[in-house]
Amino acid sequence: KAHPWLLPSDGDWQQIRARCDYLRHDVLTNVGNAVAWWLARHPDDVEKACEIAPALDCLARVRTPLTWEECVTGLLATMFPDTSDTAARATFATYFAQNVEDWKRDELAIRIRQLEGLSASRSASRNGDGPRSL
């Protein structure tokens, strides 16, 4: 537990929160804004901005929420790191899309199938009466 004298005062917390909000909502929305922000503070050091641009890009990506496509692609890449195992990946993606449909998210299921290059139609073996029991 931190000692009270190590913690910022209430006014300091408000300043910290305001600075974090500014960075999150204005500066780190993309790498271009982040580099422009850095250059505004270091106008004569363009070469250094080029050197640190990858780090600023990394920070901007951490701040930016993933799209659903990136989430699905990341899930499938994690589940199937061997890129030659396309049949298993397709089977998993098909079942995943079917489960999404079970929760009445048909459009999202179609988009998952499209993302993986699968048929956009639901498997005939499922009846779509809600989530399956486990």
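For the single chain, residues carry numbers from 1 onward in sequence order.
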Subject >> Cluster check L118, L115: I/L/V/M/F/W/Y, side chain < 4.5 angstrom >> reply: no
Quick one: [atom1] on [X] to [atom2] on [Y], what's the gap to the nearest 0.5 Å?
X	Y	atom1	atom2	answer
R105	I110	CZ	CD1	12.0 Å
R24	L28	CZ	CG	9.5 Å
L76	C71	CG	SG	11.0 Å
S119	Q114	OG	CD	10.0 Å

Below 3.5 Å, can you tabulate the donor-acceptor pairs from side chains in residues 84-91 to any protein atom, sequence neighbours excluded?
from	atom 1	to	atom 2	distance (Å)
S84	OG	D82	OD1	2.7
S84	OG	D82	OD2	3.1
R89	NE	E116	OE1	2.9
R89	NH2	E116	OE2	3.1
T91	OG1	A87	O	2.9

Subject >> Criterion side-chain contact (heavy atoms from CB on, under 4.5 Å) on L108 and W103, from CA distance to verdict >> reply: CA-CA 10 Å; L108 182 56; W103 288 94; over 6 Å; no
Original post:
Is there a side-chain contact between E101 and R113, using heavy atoms and a 4.5 Å cut-off?
Top reply: yes
Original post:
Is any side-chain heavy atom of R61 less than 4.5 Å from a side-chain heavy atom of D57?
Top reply: yes
Donor-acceptor contacts under 3.5 Å from residues 33-47 side chains, at least two apart:
from	atom 1	to	atom 2	distance (Å)
N33	ND2	D26	O	3.3
N33	ND2	T29	OG1	2.7
R41	NH1	W37	O	3.4
H42	ND1	W38	O	3.0
D45	OD1	K48	N	3.4

Subject >> A109 versus A97, closest heavy-atom pair with distance >> reply: CB-O, 3.3 Å
